[in-house]
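The model shown is predicted, which means the values in this text are computed figures rather than measured ones. Chain identifiers are assigned alphabetically (A, B, ...) following the order of the sequence lines, protein sequences preceding nucleic acid strands; residue numbering begins at 1 within each chain.
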There are 2 protein chains.
Amino acid sequence: MSPRQSRAAARRPARISEQLRRGDLLAADCPSRDVLKHVTSRWGVLVLIALEERTCRFSELRRTIGGVSERMLAQTLQWLEGDGLVDRVAYEVVPPHVEYSLTPLGRAAAKRVRALADWIEVSLPRIAQKWDERRATTGPGRAR
Amino acid sequence: MSPRQSRAAARRPARISEQLRRGDLLAADCPSRDVLKHVTSRWGVLVLIALEERTCRFSELRRTIGGVSERMLAQTLQWLEGDGLVDRVAYEVVPPHVEYSLTPLGRAAAKRVRALADWIEVSLPRIAQKWDERRATTGPGRAR
DNA sequence: GTACGTACTTACGATTAGTAAGCAATAGGT
DNA sequence: ACCTATTGCTTACTAATCGTAAGTACGTAC
């Protein structure tokens, strides 16, 4: 029995307490889909990576993460905070001062996210090569 | 000098050939953002996980991945194929028979994606606990 | 007094995702 | 003969989501 098969077998365990059961991302109605949505969202990935390096203020994150809007950054941070991955500390001063950092749970998530992100950055040349090959036969324009 | 710092320093190497340069996901206009979009898309993650276990036909994938529509599955597969992560083999028969599998590049990506997915599935109870705590103070309703 | 910085929120138009239906060609049931 | 089902898509249409721009409150600097 391979590790994969044992994992598949464990996917629906026989009636363990609902609160302790692991998620199943392949199931449409599993709450883990919400976590996946937050963590792998366009900006969620980059927020986790940025916060893994250091605690940041809102506007620091905005400057670090190229192209993010204030609206989406705020929403993403609220998602991640709600999942217990990001910690928000606000100082009651003017102008406002808010610091965002990763919780232990968030650091664990960021580790996996960064592994993926690093792979993408390193593999980009090989993937871009595919784009070029395809463009040579299929005509110009990269799939968005 | 920490590994993180050295990585940050390597982010903008001094004029190596453009074709060989690694991506920078924090830069708004870097093409690696497109790869990230495809790989971390709602269905891209699940396609990679499903195909990591075995080669699948289109409709097998549709049944395996709960909640995916034919439209989005087709589009996701085309993205991943275009990035060279998924291989598509069509047999000219009726009814049509098409098999999807991972390329070596796709298997490398799937490995990282599954590490993240596994973490989410296992960590779901701890995250759901956060939701419960928050719901107790903030009122009902989970952040989507 | 005008401009700027901070951390948001709120409207609104633009992009994207999801739903349902269509298609082509064959096999199987009644 | 006819109706239905299957497969792997694509094409309209609609609903959700995203990005842009602006507004807010309060203080400091020019």
Each nucleotide N or O in nucleotides 24-30 of chain D that has a protein N or O under 3.5 Å away: list the pair and distance.
none

- For B:R57, which residues count as a salt bridge (Lys or Arg N to Asp or Glu O under 4.0 Å) partner, sequence neighbours excluded? none
In whole angstroms, how far is the [atom2] atom of [N] from the [atom1] atom of [X]?
X     : N      : atom1 : atom2 : value
A:Q78 : C:dT9  : CD    : C1'   : 10 Å
B:R63 : D:dG8  : CZ    : C1'   : 12 Å
A:I65 : C:dA7  : CD1   : P     : 14 Å
A:R62 : D:dG19 : CZ    : C1'   : 11 Å
B:Y91 : D:dT6  : OH    : C1'   : 19 Å
B:H97 : D:dG8  : NE2   : P     : 7 Å
A:H38 : D:dT17 : NE2   : P     : 10 Å
B:R88 : D:dG8  : CZ    : P     : 10 Å

Apply side chain to side chain contact (heavy atoms under 4.5 Å, CB included) to [X] and list each qualifying residue two or more places apart in sequence or on a separate chain.
X      : answer
B:S32  : A:I120, A:L124, B:L25, B:C30
A:A28  : A:R33
B:A115 : A:R112
A:A74  : A:F58

- Other cluster members, B:V93 - Ile/Leu/Val/Met/Phe/Trp/Tyr, side-chain contacts below 4.5 Å: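 So far as hydrophobic clustering goes, B:V93 is joined with B:V89, B:Y91.
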- Apart from B:V94 itself, residues in the same hydrophobic cluster as defined by side-chain heavy atoms under 4.5 Å: none
- Task: Give one of base, sugar-phosphate or nothing for A:Y100, where a contact means two heavy atoms less than 4.0 Å apart.
- Result: sugar-phosphate
- Task: Under 4.0 Å between any heavy atoms, over every strand shown, what does B:R57 touch: base, sugar-phosphate, or nothing? Just pick one.
- Result: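 B:R57: backbone/sugar contact only, no base atoms under 4.0 Å.
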- List the protein contact pattern of nucleotides 17-23 of chain C with one symbol per nucleotide (5' to 3'): B for base contact, S for sugar-phosphate-only contact, - for none; contact means a heavy-atom distance under 4.0 Å. SBB----
- Message: Nearest to the side chain of B:S59, heavy atoms from C-beta on, is which of C:dT9, D:dG8, C:dT6?
- Response: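 Nearest to the side-chain atoms of B:S59, counting from C-beta on, is D:dG8.
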- Charged N to carboxylate O under 4.0 angstrom, A:E52 versus A:R114?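 Looking at A:R114 together with A:E52, the answer is yes, because their closest N to O distance falls below 4.0 Å.
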- Task: Looking only at non-hydrogen atoms, find the nearest pair between A:D83 and A:H38 and report the distance.
- Result: OD2-ND1, 2.5 Å
